[in-house]
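Note sheet for the following structure.
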Amino acid sequence: MYSYKEFFLRYLGQTSPEPLLIQVERAEGVFLYGPAGERYLDLVSGVSVSNTGHANPRIIDAVRRQAEAYLHIMVYGEFIQSPQVRYAELLVSLLPENLNCIYFVNSGSEAVEGAIKLTRRHTGRTEVVYFSNAYHGSTYGALSVQGSDLFRSAFGPLLPDTVMAGFNDRSVAGMITEKTAGVIVEPIQAEAGVILPDPGFLQLLRERCDETGALLIFDECQTGFGRTGTMFAMERYEVVPDILILAKALGGGMPLGSFIASGSIMKSLSFNPALGHITTFGGHPVCCAAGMASLQTLMEEELVAGVVSKGQRFRSRLRHDLITEVRGEGLLLAVRLRDAGKARYVVSNAPRYGFVTDYFLFCPDSFRIAPPLSITNDEIDEACNMIIQLLDEAVKA
Ligand code: PMP
């Protein structure tokens, strides 16, 4: 008998000693289905990707139609590819005035690489300020601004001239100087365990960047596209960055990333030297078509408007002796338990109860609630019942 589990473990490079090992045959709405018809309510969305639900018919249709027209035809930036142009135009119409020029790439990590290169090239400076417990991706530039000494020391030496500041620590003001090229921050830190910025913290970064001529970069890979109850998290803090990074839900389930700036800043990558950032598959036409269909669905079905009350519904139902806090905004929530062992128990036993959840990279005592934004009230109630039952079991475990 062909064993997918055995061959998954044998032939695929592993990311950890304990993969979740759920086999998925198909997915629809908020559910994943296994080969024997097992049904799992998805509280992860592939890590904040599937905001408009799995197997969304509009996205599938857009993918099919673009695949029939053309797949890859040329590296990014040479040919006029209508899905890129149309999607860029739609995105710009939703963004603050200065964020009017979109550079499409393949992933969040590649967008971070592009953004760091752009800040250095545009300012002529080298230093980049980043924050404790920040996660921006796994490539070398992104790893160099990752706020974890464990990961940094395992793979060093990293990029020089990077400076770590404490998230929400206002002494960062003194670390942003005339030597700073850019400051990279998640407006809401996701993998840190959904940590919100203190009032005025993002404004402080904006002010110091304005005073010193550094560029402010917001990484909204996880918080973008309605996840926290506004289309982008920056809207709730009324701070506009110089560069915005989007990925994950940007592609509607297909791989797509982008960094976005003003046309005049973005120009720096196209001369002296020209071709400052080249990407073969960046802005793949099928991914842009899928992303645009997903964003149109988000807008036309007014999915973002329901996110805050759905998050509140989770909060009001998630009451249990083991839960010490439910933290976050909208449908990006961290459920904190009494200890990390209980959180591990929940993540590994959730499939047995009919749902999937996940860890946060830097927050071992919490598990994740980030379902597709299309989740219904009944599905939320079902998810909460399963969680409470599993927590009852975890108390005794
Ligand atoms: N930035 C943030 C905030 C992320 O959460 C992630 C992925 N978890 C990335 C960047 C990297 O994205 P990718 O995995 O697409 O490279």
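Indexing begins at 1, ligand by ligand and atom by atom, following the structure's order. Count residues from 1 along the sequence.
A distance-only check finds no donor-acceptor pair linking the side chain of E220 to the backbone of P187 [under 3.5 Å]. Using a distance-only test at 3.5 Å, with no hydrogens or angles considered, no donor-acceptor pair links the side chain of R26 to the main chain of Y33. Panel note: side chain R125, backbone E178; a donor-acceptor pair is recorded below 3.5 Å.
For the residue pair H277/E113, the side-chain donor-acceptor check at 3.5 Å is not satisfied.
When all heavy atoms of Q203 and Y237 are compared, the pair lying nearest together is NE2-O, 3.0 Å.
Ligand 1 has no atom lying under 4.0 Å from any heavy atom of E110.
Shown in contact with Q222 at under 4.0 Å from a heavy atom are these atoms of ligand 1, numbered in order with element: 5 (O), 8 (N). Listed by atom number, the atoms of ligand 1 under 4.0 Å from S107 heavy atoms are 15 (O), 16 (O).
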Could you go step by step and tell me if S374 and E301 meet the side chain to side chain contact (heavy atoms under 4.5 Å, CB included) rule? CA-CA 9 Å; S374 52; E301 295 182 9; 5.9 Å; no
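Backbone and side-chain nitrogen or oxygen atoms of K248 are examined, and one is located within less than 3.5 angstrom of a nitrogen or oxygen of ligand 1. Considering backbone and side-chain atoms alike, D219 places an N or O below 3.5 Å from some N or O of ligand 1. Polar contact with ligand 1: present for G108 (N/O pair, distance under 3.5 Å).
Both the backbone and the side chain of S109 come within 4.0 Å of ligand 1, counting heavy atoms alone.
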